[in-house]
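Accompanying notes for the structure given below.
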Amino acid sequence: MAKSHKTIDPAAKAMLEKAAELEITTAFDRVDEMKPCPIGSKGQCCKNCAMGPCRLTKEGQVGICGATVETVAARNLARAIAAGAAAHSDHGRDMAFVLHGAATGEAPGYQIRDEFKLREVARDLGLEVEDRTKEEIAIDVAEKALAEFGKQSGELTYLARAPKKRQEIWRELGIAPRGVDREIVEILHRTVVGNDQDPEHILDQGMRAALGDGWGGSMLATDISDILFGTPSPLVTQVNLGVLREDEVNIVIHGHEPTLSEMVVAAVRDPEMIEYAKSKGAKGITLAGICCTSNETLMRQGVPSAGNFLDQELAILTGAVEAMVVDVQCIFQSLVDLAENYHTKVITTSPKAKITGALHMEFDEHRAPEIAREIVKTAIDNYPNRGSTYIPDMQENMVPGFSHEYVRYMLGGYYRGSLRPLNDAIMAGRLRGVAGVVGCNNPRVVQDEAHFEIVKEFLKNDVLVVQTGCGALCNAKYGLLQGEALEVAGPGLREICETVGIPPVLHVGSCVDNSRILTVLAEMATEGGLGDDISDIPGVGIAPEWMSEKALAIGTYFVASGAYVIFGVKSPVEGSEAVTDLISRRWEEKTGGKLEFEPDPKKIVKKSLEHIDKKRAALGLPEYDPARFGQSGDRRWQAWLKAREEGAEVSLYSMAGVPAGEE
Ligand code: MSK
């Protein structure tokens, strides 16, 4: 049966109809067949030793070792956070190795594209930059970054980027991370049978490891990616399955890391490769991305995106993909079986991620350009094997690439770049607040629906939205990441966006680039006018369609940094009221941030706006009143012209609400 009601994306709907016609199943079907375990999904199942698994479903029931449901739910959540933090941070570690290779010449093909950022990062890491070559600095940055992972005592260096007050809170709570790896390992140790059995104590370590991800592994991943591949700035590209071409070799890159995909970008642009594709009957080569590899390459290279997490199988269903090249994270094992129905080659590339039945062409930074060319050639050679195709003719323009450096620049130019105008806009009430809406798709809910509905409501309510990951690709599909989206924006937000020349939803990157949001929040807090800590800012973080453990790590580092975070779909600790209360009320007492799970998108919006207004009131800011704004710029001019045409004697100033005599 067609599952087209499971997505709001017309391209995905068309592909699901096609899948039904061909009797091919996808995640949209499997989700119905696979009923979630009602015990495990609520965090009530402990399988940390061979005495169990223990399923704690009855009031007061304990496991064979005596573990309560609170302990079990907290342990499960902490382990998920550890896994998510490990994934992001290992990504950061790999980037550091590539930077080292680029600087020593052992990784030919890579270069230092942003020397300015390299020097800035080196200073933040406490390294000497004066009178040194960029290669010398880069070697030190890479070594210092690698040392942050293995650090055993003290604190992560980047914690100093947080507002002073926040650093003190972490120290007071004893959750300032010492080293990225150490905190992750300690979660695994604490949650082994018969060890840490106090839910609050276990989850304090969850926050510590998550902070090691956000202010450590992920932040290093972002910084080093910018150094190697360039700090993003806005550009125009396209998104959705319609970016694939009927008459060209289509290569889809999927996963997370930019290291190989950047080399693939270079290879597909090589005139020799394009000629080779033509020799096989194609008109050229199209490269498109899925998930966060897509975010990495679209924001720096303008590579179009074929879509987000739940589009990965649908891309293969077009029959038009010669190769799907995957690296790490968020890659369905089903791709290999699905590709059996077509000519598509699924090519795994990471030494950390093989899939049975896939073609493995292992990435090695020491000969990356050569491997990338081999991969592209393999795809081109596969073009003559293509059968019938079906590509939905749907794509949308998007403007990605709002790195925090660019945001600063756009608000003040090279010499006076700062977030002052952003703070001023919030203080004046033109912007009610800010929201980060991030994270995955999850077939347990309608694809893209919650992301889209929540962001639209925020825009209407003058909340500036920043997005990363699959959430960003989602709303790009519906046109919210371009200037035209101002049509749905509230009057104050619209004024700001028109003045600065930005869309109302800012794409800030991939999953690891949530660290950019931390940086922006830290700068907003220190800029003045919005308190002196992240917890004072009228803002929220939302993951409406989350599914990955990485999302839990991200959510937790935002909470530990002082933010109110709401996840959609369902709660992984629903089976324990005590843990639900702990991560919400108790964490708020301790950190100023809290984590809640709320499946209803409307309620998410309501809670978010209430929180934003509460923070505005605490700062003594004027109550949000959209009627005060929206009369500037073109609209003020047009309203004045209209009034004059109708014979009214009004001045242009009075159209902006300036009382007569004060013009
Ligand atoms: S890719 S973690 S589905 S956002 Fe970063 Fe998308 Fe979630 Fe993967």
* Worked check of side chain to side chain contact (heavy atoms under 4.5 Å, CB included) between Leu431 and Leu493 -> CA-CA 6 Å; Leu431 292 182; Leu493 173 61; 3.5 Å; yes
Considering only heavy atoms from C-beta outward, does the side chain of [X] approach that of [Y] to under 4.5 Å?
| X | Y | answer |
| --- | --- | --- |
| His404 | Leu419 | no |
| Pro443 | Lys6 | no |
| Lys602 | Lys606 | no |
| Leu480 | Gln467 | no |
| Arg161 | Met219 | yes |
| Asp448 | Asn308 | yes |
| Thr259 | Met95 | yes |
| Val540 | Phe458 | yes |

* **Set of residues satisfying side chain to side chain contact (heavy atoms under 4.5 Å, CB included) with respect to Val466, sequence neighbours excluded** =>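 Residues passing side chain to side chain contact (heavy atoms under 4.5 Å, CB included) with Val466: Leu506, Val508, Ile517.
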* To do: Please test Arg269 against Gln301 for side chain to side chain contact (heavy atoms under 4.5 Å, CB included), starting from the C-alpha separation and ending with a verdict.
  => CA-CA 11 Å; Arg269 289 175 180 170; Gln301 307 287 351; 3.3 Å; yes
* **Thr7 and Asp9 side chains, donor-acceptor separation under 3.5 Å** => no
Taking atom [atom1] of [X] and atom [atom2] of [Y], what is their separation to the nearest 0.5 Å?
| X | Y | atom1 | atom2 | result |
| --- | --- | --- | --- | --- |
| Thr237 | Glu396 | OG1 | CD | 12.0 Å |
| Tyr158 | Ser515 | OH | OG | 9.0 Å |
| Leu473 | His507 | CG | NE2 | 6.0 Å |
| Leu422 | Ile496 | CG | CD1 | 8.5 Å |
| Thr318 | Ile391 | OG1 | CD1 | 5.5 Å |
| Trp215 | Leu518 | CH2 | CG | 5.0 Å |

Exam field: side chain [X] to backbone [Y], donor-acceptor pair closer than 3.5 Å:
| X | Y | result |
| --- | --- | --- |
| Thr293 | Gly289 | no |
| Lys570 | Phe597 | no |
| Asp327 | Glu257 | yes |
| Ser403 | Pro232 | yes |
| His451 | Cys440 | yes |
| Glu262 | Phe229 | no |
| Lys13 | Ser4 | yes |
| Arg245 | Ile285 | no |
| Asn423 | Gly528 | yes |
| Glu495 | Gly492 | no |

* Do the ring planes of Phe452 and Tyr478 sit parallel (below 30°), tilted (30 to 60°) or perpendicular (above 60°)? -> tilted
* Ile454/Val605 under side chain to side chain contact (heavy atoms under 4.5 Å, CB included): CA gap, chis, key distance, verdict -> CA-CA 6 Å; Ile454 289 168; Val605 172; 4.0 Å; yes
Does the distance from a Lys or Arg side-chain N to an Asp or Glu carboxylate O, for [X] and [Y], drop under 4.0 Å?
| X | Y | answer |
| --- | --- | --- |
| Arg432 | Asp613 | yes |
| Lys456 | Glu453 | yes |
| Glu296 | Arg300 | yes |
| Arg408 | Glu405 | no |
| Asp226 | Arg516 | yes |

* To do: Could you check Thr231 against Tyr406 for side chain to side chain contact (heavy atoms under 4.5 Å, CB included), going step by step and ending with a plain yes or no?
  => CA-CA 8 Å; Thr231 302; Tyr406 188 83; over 6 Å; no
Taking all heavy atoms of [X] and all of [Y], pick out the closest pair and write down the distance.
| X | Y | value |
| --- | --- | --- |
| Ala288 | Val303 | CA-CG1, 4.1 Å |
| Cys330 | Cys291 | CB-SG, 4.3 Å |
| His256 | Cys292 | CD2-CB, 3.2 Å |
| Val141 | Ala122 | CG2-CB, 3.7 Å |
| Leu298 | Ser305 | CD2-CB, 3.7 Å |
| Thr591 | Arg166 | O-NH2, 2.7 Å |

* Passing option when Glu115 is tested against Arg119, Arg113, Lys117 for salt bridge (Lys or Arg N to Asp or Glu O under 4.0 Å) ->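 Single pass found, and it is Arg119.
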* To do: For Lys594, check salt bridge (Lys or Arg N to Asp or Glu O under 4.0 Å) against everything at least two apart and list the hits.
  => Glu588, Glu596
* Asked: In chain order, what residues pass the salt bridge (Lys or Arg N to Asp or Glu O under 4.0 Å) check against Glu545, with sequence neighbours excluded?
  ->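 Salt bridge (Lys or Arg N to Asp or Glu O under 4.0 Å) check on Glu545 returns nothing, list empty.
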* Asked: Thr468 pairs by side chain to side chain donor-acceptor pair (under 3.5 Å) with which of Asn514, Asp513, Asn295?
  -> Asn514
* **Over 12 non-hydrogen atoms of neighbours within 6.0 angstrom of CG in Asp393** =>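 Atom CG in Asp393 is not crowded, with 12 or fewer foreign heavy atoms closer than 6.0 Å.
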